[in-house]
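What's counted below: heavy atoms across the whole structure, side chains too, no hydrogens, waters or symmetry copies.
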Amino acid sequence: VNEDLLSERKKCEFNVEELTNYLDGGAKATENRRKLERKVLSTKGLIDNVPEEFLSHKEKYENAVRKAVLFYKAMKDAEDPNLSEQERANTTYRSLLPSAVFKDNSPFTLHVAMFIPAILGHADEEQKKYWMNRASKMEIIGTYAQTELGHGTFIRGLETTATYDSKTEEFVMHSPTLTSYKWWPGSLAHTANYCVVMAHLYSQGKSCGIQPFIIQLRDEETHMPLPGIKLGEIGAKLGFNTVNNGFLGFENHRIPRNRMLMKNAQVLKDGTFRKSPNSKLTYGTMVYVRVVIVNGMANQLARAVTIAVRYSAVRRQSELKPDAGEPQILDFVTQQHKLFIAIASSHAFSLTAKWLTRMYYKVTADLEKGNMDELPELHAIACCLKAVTSWDTSAMTERCRTSCGGHGYMLSSNLPQIYGLVTAAVTYEGENTVLMLQTARSLVKAFEQAAAGKPLSPTMSYLSEKIDKK
Amino acid sequence: QKWDNSVDGIIKGFRRVATGKVASAVASMKKYIKRGLGPEDAWNMSSVQLVAASEAHCRAFILSTYRSEVDRTTGSLSEPLRRLMNELVQLYAIYWTLEKLGDLLLYTSISENDIRELQSTYEDLLGRIRPNAVGLVDAFDFSDQILNSTLGAYDGRVYERLMEEALKSPLNAEPVNQSFHKYLKPFMQGKL
């Protein structure tokens, strides 16, 4: 071990293991996480001998699929069946296992992160039973397609149509324009064979809003795209190059009626559309994804600052005092200013994510009982938290990179790849400025309520203080 | 209200900034509506202020949550670690105070003396955290495989790893690349 690092570890004034346990949520959680990581990372063939960056675009994808299969199996084998759901959640809360195996993410990410949650959130009981059985066994690989070439965050602007034909009891899926092509979903290009597609439903000649459909994209044996389905990959990006982002277009492709996911809205055989009792029920999934993003930002920032701080302890440069030799760059106060805020921010985001998770579960439980009182508050705070944490993490990760001088520019430092992963969060799952304006809408409403003497939700209650005093 | 340099005082200050910014954005929208704009256009015209108001609200929220969660969860920790966790909260609060001075000067009673004192406390905090910096990142407990970095491995063999990785470049597999014979040599010898 480098001597400077040895001496730093001797100087440390607190028990490192105690802090690790605190961050994990207890000694048992640390033990479980380490056990899982050890088991998975010791799987033969999972860690590359040849750095991924020296492979071609196509080779990177093929290598990522190979590793995705190994990784999935290793995770399954390493799972401790005796752990409770909460213990399982604690085990993976801080784990960045996928980031270790896939520098640019797994082509299966969307199956777990979006396809399965979409089925759980939108399918009725019968549909859920059938599709979850297949998806959880990986008999099928799915993704979630909402964003189109011409529309992203503005969901009502989506152009893909699903027109119900009551004669055949089918939906006709169609992409009427180039801009209506689905664009961006991970796994979509060459990995997934099923997809939850958000499309504008028309029945009995009337618009019935944006609804979810589960659609088979590829033959289960040959993996060839089905007739009327156009699929492809969208090309190289700043990061996430192994996640297999794709495009998807429909040419009057027909699917049976039961392929519309009907938990929240239904189309009957004759084409009668039954509206969801409350469209707000679907907000839950969106909020959950934002909770995951805030926690992910905390973990990736921790990873970036670990690299930068250790390097800053090893690297010696310049002279603070004449003839005193080159100091560790960590002794420069400007370096401390760049890095220590990243450590504090990672803690701040992690604790905020835990708070947000608790609130999410409370609101979800309330929703099941028909109580939606706290949903707008949760939505408002989740929107701005996703935006501010992803902005701050991008800026601080980039600062970690530049704090390592020229060596931080090397892909082998992994800092550029971490930046690629975190900066994507600024624009995915709701573009940040749009999300900030959604929070602003709640703030303006709360401000007007305060002026009218009405009570405010806890996170905005301070807005009434100044008004009271006035 | 008198400015207070404590973390609680800073949280109050950030909330005043958020309230001030929301009030200002609302006033701006009203002004545009009075001038004849529809509510949607007035919203669009005020949207830069609205985003700033959201950011101020979010910063106040993160800061107060960070503070309250550390208070709530560190009771059973050893004294040195609890102290360090509180120093990080203080560092976070002061960092953002110094970053957002313009807003605080506009909406709170923070003074030049307060700012000088905060700057000095901030520099003092950096010094206090310095001996624990490596310990703090070690505590994140990332294995070398998860860090996947030549610069950040636990043993600090930075320069050795940089060289080992460089040698994996396919260009280093042969001493002379074929492009020399195909392009460079004819070009340099004027035979193109």
Side-chain angles (χ1 to χ4, degrees), chain A residues 1-2 5 8-9 11-16 18-20 22-23 37 41 47 50-51 54 96 99-100 103 302-303 305-307 309-311 313-314 330 333 336-337 340-341 343-344 347-348 351-352 355 381 384-385 388 404 407 412-414 433 436-437 439-440 443-444 447 459 462-463 466, chain B residues 15-16 19 22-23 25-26 47 50-51 53-55 57-62 65-66 69-70 73 77-78 80-81 84 88-89 91-92 95 123 126 129-143 145-158 162 165 168-170:
Chain A
V1 178
N2 173 280
L5 274 179
E8 290 293 332
R9 286 173 181 137
K11 273 193 288 189
C12 184
E13 295 160 340
F14 69 97
N15 181 339
V16 171
E18 188 186 5
L19 179 52
T20 303
Y22 171 74
L23 295 171
E37 288 175 353
L41 292 171
I47 301 296
V50 178
F54 294 133
L96 282 174
S99 287
K103 268 194 171 177
R303 192 156 74 132
V305 76
T306 299
I307 296 167
V309 166
R310 285 186 182 157
Y311 176 71
V314 170
L330 197 52
V333 176
Q336 296 164 14
H337 170 63
F340 295 174
I341 184 61
I343 299 173
H347 286 196
L351 288 168
T352 306
W355 180 95
I381 200 67
C384 70
L385 280 175
V388 168
C404 295
H407 294 332
S412 71
S413 77
N414 207 13
T433 302
M436 292 297 264
L437 286 170
T439 304
L443 285 168
V444 169
F447 189 79
T459 55
Y462 68 87
L463 286 172
K466 196 174 177 183
Chain B
R15 284 177 173 165
R16 282 201 288 278
T19 308
V22 176
V26 169
S47 56
L50 288 161
V51 170
S54 271
E55 188 195 336
H57 167 69
C58 197
R59 298 235 172 262
F61 177 78
I62 296 174
T65 307
Y66 185 19
E69 288 294 297
V70 164
T73 56
L77 298 183
S78 63
L81 183 54
L84 184 60
L88 286 173
V89 173
L91 177 98
Y92 188 81
Y95 176 92
E123 288 155 12
L126 292 177
I129 292 167
R130 165 67 186 87
N132 294 308
V134 170
L136 278 165
V137 299
D138 281 351
F140 286 127
D141 197 33
F142 293 122
S143 70
Q145 284 165 311
I146 282 177
L147 285 175
N148 222 337
S149 169
T150 45
L151 307 187
Y154 187 84
D155 63 10
R157 288 176 61 251
V158 168
L162 278 168
E165 286 301 302
K168 290 178 186 170
S169 167

* Between chain B and each of A/Pro51, A/Ser413, A/Ala313, count heavy-atom pairs under 4.5 Å; write down the option with the most. => A/Ser413
* Measure distances from B/Val70 to the heavy atoms of chain A and classify the residue's part below 4.5 Å as side chain, backbone, both or neither. => both
* Against chain A, label B/Leu162 side chain, backbone, both or neither, depending on which of its atoms sit under 4.5 Å from a heavy atom there. => side chain
* **Interchain contact, A/Ile47 with chain B, by part (heavy-atom threshold 4.5 Å)** => side chain
* Between B/Ala25 and chain A, which part of the residue has a heavy atom less than 4.5 Å away: side chain, backbone, both or neither? -> neither
* To do: Flag the pair A/Ile381 / B/His57 as yes when at least one side-chain heavy-atom distance between them is below 4.5 Å, and no otherwise.
  => yes
* Asked: So do B/Arg130 and A/Glu8 actually touch side chain to side chain, heavy atoms under 4.5 Å?
  -> yes
* Which region of B/Val51, side chain (C-beta onward) or backbone (N, CA, C, O), has a non-hydrogen atom less than 4.5 Å from a non-hydrogen atom of chain A, or is it both or neither? -> both
* Asked: Going from CZ on B/Phe142 to CD1 on A/Ile307, what distance comes out if it is rounded to the nearest 0.5 angstrom?
  -> 9.0 Å
* Asked: In terms of heavy-atom proximity below 4.5 Å to chain A, should B/Leu84 be classed as side chain, backbone, both, or neither?
  -> side chain
* **Approximate separation, where rounding is to 0.5 Å, of A/Phe340 CZ and B/Leu126 CG** => 6.5 Å
* Structure fact -> When the 4.5 angstrom heavy-atom criterion is applied to A/Leu23 and chain B, the contacting part is side chain
* To do: Would you mind telling me which of B/Val26, B/Val134, B/Asn132 has the largest number of heavy-atom pairs within less than 4.5 Å of chain A?
  => B/Asn132
* Asked: Who wins among A/Thr459, A/Thr433, A/Val305, A/Asn15 for the most heavy-atom pairs under 4.5 Å with chain B?
  -> A/Thr459
* Asked: What part of B/Thr65 is in contact with chain A, defined as an atom under 4.5 angstrom from a non-hydrogen atom: side chain, backbone, both or neither?
  -> side chain
* Flag the pair A/Leu385 / B/Cys58 as yes when at least one side-chain heavy-atom distance between them is below 4.5 Å, and no otherwise. => yes
* Asked: If you measure from CD1 on A/Ile343 to CD1 on B/Ile129, what distance do you get to the nearest 0.5 Å?
  -> 7.5 Å
* Asked: Which heavy atom in B/Ser54 sits nearest to a heavy atom in A/Thr439, and how many Å separate them?
  -> OG-CB, 3.4 Å
* **Contact check, side chains of A/His347 and B/Val89, non-hydrogen atoms, under 4.5 Å** => no
* Do A/Thr352 and B/Phe61 touch side chain to side chain, with heavy atoms closer than 4.5 Å? -> yes
* Spacing of B/Leu81 atom CG and A/Glu13 atom CD [to the nearest 0.5 Å] -> 11.5 Å
* When you measure from the centre of the six-membered ring of A/Tyr462, is the NZ or CZ of B/Arg16 under 6.0 Å away and within 45° of the axis? -> no
* **Side chain A/Asn2, main chain B/Asp155, donor-acceptor under 3.5 Å** => no
* Top residue by heavy-atom pair count (under 4.5 Å) with chain B, among A/Ser99, A/Cys404, A/Cys384? -> A/Cys384
* Locate the shortest heavy-atom distance separating A/Ala100 from B/Asn148; write the atom from each residue and the value. => O-ND2, 3.3 Å
* Asked: Taking C-beta and beyond as the side chain, do A/Thr306 and B/Leu147 meet within less than 4.5 Å on heavy atoms?
  -> yes
* To do: Calculate, to the nearest 0.5 Å, the distance between atoms CG and CG belonging to B/Leu50 and A/Leu437 respectively.
  => 6.5 Å
* Aromatic rings A/His337 and B/Tyr95: how do their planes relate, parallel, tilted or perpendicular, breaks at 30° and 60°? -> tilted
* If you tally heavy-atom pairs under 4.5 Å against chain A, which of B/Gly152, B/Pro80, B/Ala133, B/Ala153 wins? -> B/Gly152
* Once you round to the nearest 0.5 Å, how far does OG of B/Ser149 lie from CZ of A/Arg310? -> 9.5 Å
* **Residue among B/Ala53, B/Ser143, B/Ala60, B/Pro170 with most heavy-atom pairs under 4.5 Å to chain A** => B/Pro170
* Would you mind checking which part of A/Ala348 comes under 4.5 Å of any heavy atom in chain B, side chain (CB onward), backbone (N, CA, C, O), both or neither? => both
* Asked: For the side chain of B/Arg59 and the backbone of A/Val388, is there at least one donor-acceptor N/O pair under 3.5 Å apart?
  -> no
* Asked: Checking B/Tyr92 against chain A: side chain, backbone, both or neither under 4.5 Å from a heavy atom?
  -> both
* **For A/Glu37, all residues meeting salt bridge (Lys or Arg N to Asp or Glu O under 4.0 Å), sequence neighbours excluded** => A/Arg33
* **Within-4.5 Å side-chain heavy-atom neighbours: A/Asn414 and B/Leu151** => no
* To do: Applying side chain to side chain donor-acceptor pair (under 3.5 Å), name anything that partners B/Ser47, two or more places apart in sequence or on another chain.
  => none
* Would you sort out whether A/Glu18 and B/Ser78 count as a side chain to side chain donor-acceptor pair (under 3.5 Å), showing the intermediate values? => CA-CA 8 Å; A/Glu18 188 186 5; B/Ser78 63; 2.7 Å; yes
* Asked: Taking the six-membered ring for Trp, is the centroid-to-centroid distance between B/Tyr66 and A/Trp355 below 6.0 Å?
  -> no
